[in-house]
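Here is the structure we will look at.
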Amino acid sequence: MAERSIRIAMNGVTGRMGRNQHLERSIMAIRRQGGVELPNGDRVVPEPVLVGRNPEKLEALAAEFGVDEWTTDLDGVLADPDIDVYFDAQLTSLRAAAVRAAIDAGKAVYCEKPLAEDSATARDLARRAQEAAIAHGIVQDKLFLPGLLSLRRLIDSGFFGRILAVKGDFGYWVFEGDVESPQRPAWNYKREEGGGIILDMFPHWQYVIEGLFGRIRSVVALGKTHIPTRWDGGEPYEATADDAAYAIMELEDGTVVQMNSSWATRVYRDELLVFQVDGTHGSAVAGLRGCRQQHRSATPRPVWNPDIPNPIDFRAGWLEVPQVGEAKNAFQLQWEEFIRHVTAGTPFAWDFSAGVRGLELVDAAWRSWQERRWVDLSEVSA
Ligand SMILES: NC(=O)c1ccc[n+]([C@@H]2O[C@H](COP(=O)([O-])OP(=O)(O)OC[C@H]3O[C@@H](n4cnc5c(N)ncnc54)[C@H](O)[C@@H]3O)[C@@H](O)[C@H]2O)c1
């Protein structure tokens, strides 16, 4: 059993996602467990090189995590033949240029979603990656969450019969910044800086919906900027991006998916993201971690009568779906797959073509909102 290393240049690790999910909970966690096991029993240990703009922040981050190398010289890192993988978790508007440079340098590339700010740019990156014959991948973390893995088991076991409809509810209150500090970066609320909930969240909805339920044929969407003024570091600014979006999608097999996304809603659900799936033989409610099901044989018999107190405890009639296997961080699980793909050539389904599809849903939703009509995804795919 041999052990080897893979050197990964990680750009954007001073940000929320880069630091928490990718550096701390994925790459450092993989190092702590002794690397990733390959099919032949060998192990690969990732060696991160932190890349960014601010030397003080990078030095402090490197010291905190015990990482030996950091740099502010992206070009230098891409020119270094000892770097195997370029990873990008910068803010969205900077991704395409950096990913293009990494492809040109012949690196394997893994990056956060969305791949770019529109599907045409994403398609160009996918074509370049294909032509350069590099390994490429895009984060699709929600598919690896315990709640959605349980939902997949229900689907695969035929539990639902024919799936009729899916209701997705995502969101929470993001503080405006005047009284309480905001819990998300200000660029998320500025269209001109790559913000907006449609660009941020619809790439997720695309891979969750198409990964679990089938191909999306058509979308109708309405975006809103509910909160027009927000504050960053005590200074007010105009929020130019959508902070909520209300969408209905029809899948190719006729399944209806409704998807609410909002940073201006208060939570009265068990989790920040919840899907209810209704099928002829059963229904399920899946969140990030939990999943409950109700079979047709256990379905209560409600009778509409608002003149008496509700006689049924609806929530009591659902069964928790037991989790299979150990729950690991969703980002770590996908990183492990990508590292195996790069080093051992194992299949990896979530490449840049998957990233393109996410942006096709974004482009179709935007067009629907602007033109106030249903838009087929075929209208925005080349
Ligand atoms: N997979 C997920 O669930 C998920 C969740 C949130 C965000 N994201 C994606 O991750 C990426 C980063 O989002 P985040 O919330 O971590 O953002 P963030 O603002 O916290 O981090 C942005 C990173 O980009 C760097 N950066 C480089 N140039 C910059 C510039 N000119 N201005 C500002 N920052 C600059 C920052 O230093 C920082 O490291 C986005 O593309 C976003 O879509 C993914």
Side-chain angles (χ1 to χ4, degrees), residues 9-26 48-62 65 70-74 77 86-99 101 109-118 121-122 125 137-145 147-148 170-172 174 177 181-208 211 230 232-233 237 241-242 261 263 271-273 288 329-335 338 350 354-355 358-359 361-362:
M10 301 185 75
N11 196 5
V13 272
T14 57
R16 244 169 22 113
M17 297 310 293
R19 178 203 157 93
N20 298 335
Q21 298 295 1
H22 294 285
L23 181 60
E24 182 177 2
R25 297 180 206 158
S26 295
V49 177
L50 310 186
V51 185
R53 297 167 302 159
N54 183 325
E56 288 80 35
K57 282 191 189 169
L58 289 169
E59 190 176 14
L61 198 64
F65 287 103
W70 59 267
T71 178
T72 56
D73 179 10
L74 175 60
V77 128
Y86 171 72
F87 169 70
D88 191 295
Q90 297 186 93
L91 69 175
T92 302
S93 57
L94 300 177
R95 180 153 309 120
V99 165
V109 184
Y110 187 50
C111 65
E112 259 297 351
K113 47 50 65 181
L115 180 53
E117 290 184 271
D118 58 77
T121 310
L125 293 175
I138 180 132
V139 171
Q140 308 216 317
D141 53 291
K142 309 288 176 268
L143 289 174
F144 298 82
L145 287 167
L148 294 196
F170 160 80
Y172 49 94
V174 176
S181 62
Q183 68 272 45
R184 293 181 62 89
W187 65 266
N188 284 174
Y189 303 92
K190 299 178 187 173
R191 181 83 177 89
E192 61 283 8
E193 291 183 21
I197 204 164
I198 293 181
L199 181 57
D200 195 55
M201 296 313 296
F202 279 43
H204 288 299
W205 307 152
Q206 176 274 326
Y207 67 71
V208 169
R230 290 181 177 270
D232 187 17
Y237 65 91
D242 41 299
S261 315
W263 287 319
E271 305 203 50
L272 299 190
L273 171 62
L288 307 174
N329 179 286
F331 292 83
Q332 182 187 345
L333 285 172
Q334 201 185 353
W335 262 109
F338 188 69
W350 312 281
L359 282 154
L361 180 61
V362 169

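Since this is a predicted model, take the numbers as computed values, not measurements. In each ligand, atom 1 is the first atom listed, and ligand 1 is the first ligand listed.
- Here the side chains of Asp232 and Pro182 are not in contact, with every heavy-atom distance at 4.5 Å or above.
- Inter-residue side-chain proximity for Arg95 and Pro114 is flagged as met; some heavy-atom pair is nearer than 4.5 Å.
- The minimum heavy-atom distance linking Ile198 with Val362 is given by the pair O-CG2, 3.7 Å.
- Atom-to-atom distance recorded for Asp141:CG and Tyr207:OH is 4.0 Å, nearest 0.5 angstrom.
- Listed by number with element, the atoms of ligand 1 under 4.0 Å from a non-hydrogen atom of Pro114 are 43 (O).
- Of all protein heavy atoms, the one lying nearest to atom 9 (C) of ligand 1 is Lys113 O, 3.5 Å.
- Between the Thr71 side chain and the Val51 main chain, no donor and acceptor come within less than 3.5 Å of each other.
- Not a single heavy atom of Gly194 sits closer than 4.0 Å to an atom of ligand 1.
- Atom OG1 of Thr72 is separated from atom CD of Glu56 by 10.0 Å, given to the nearest 0.5 angstrom.
- Close approach of ligand 1 to Arg95 is summarised as follows: ligand atoms under 4.0 Å from at least one heavy atom of the residue are 11 (C), 40 (C), 41 (O).
- Counting protein heavy atoms only, atom 3 (O) of ligand 1 is closest to Lys142 NZ, 3.0 Å.
- Closest to atom 20 (O) of ligand 1, if we only count protein heavy atoms, is Arg16 N, 2.9 Å.
- Distances below 4.0 Å separate heavy atoms of Ala89 from the following atoms of ligand 1: 11 (C), 12 (C), 23 (C).
- In this structure, of Thr14, Leu91, Leu61, the residue bringing a heavy atom nearest to atom 34 (N) of ligand 1 is Leu91.
- Under the side-chain contact (heavy atoms from CB on, under 4.5 Å) rule, Tyr110 has a single partner from Ile138, Asp88, Val139, which is Val139.
- Checked against a 3.5 angstrom limit, the closest N/O atoms of Val139 and ligand 1 fall outside it.
- Across the listed options Glu112, Arg184, His204, Gln334, Glu112 owns the non-hydrogen atom lying nearest to atom 44 (C) of ligand 1.
- Here the protein heavy atom with the shortest distance to atom 21 (O) of ligand 1 is Gly15 CA, 3.2 Å.
- A donor-acceptor pair under 3.5 Å is absent between the side-chain atoms of Arg25 and the main chain of Phe331, judged by distance alone.
- In this structure, CG in Asn54 is found 10.5 Å from CD in Glu59, a value given to the nearest 0.5 Å.
- For Phe331, no nitrogen or oxygen atom sits less than 3.5 Å from a nitrogen or oxygen atom of ligand 1, counting backbone and side chain alike.
- Closest to atom 4 (C) of ligand 1 among all protein heavy atoms lies Met17 CE, 3.4 Å.
- Shortest contact from atom 19 (O) of ligand 1 to any protein heavy atom: Trp187 NE1, 2.8 Å.
- Of all protein heavy atoms, the one closest to atom 31 (N) of ligand 1 is Arg53 NH1, 3.3 Å.
- Considering only non-hydrogen protein atoms, atom 11 (C) of ligand 1 sits nearest to Gln90 O, 3.3 Å.
- Near Gly12, with a cut-off below 4.0 Å to any heavy atom, the atoms of ligand 1 are 39 (O).
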Could you give the side-chain donor-acceptor pairs of residues 187-196 under 3.5 Å, partners two or more places apart or in another chain?
unit_1	atom_1	unit_2	atom_2	d
Asn188	OD1	Arg184	NE	2.9
Asn188	OD1	Arg184	NH2	2.8
Glu192	OE1	Thr240	OG1	2.7

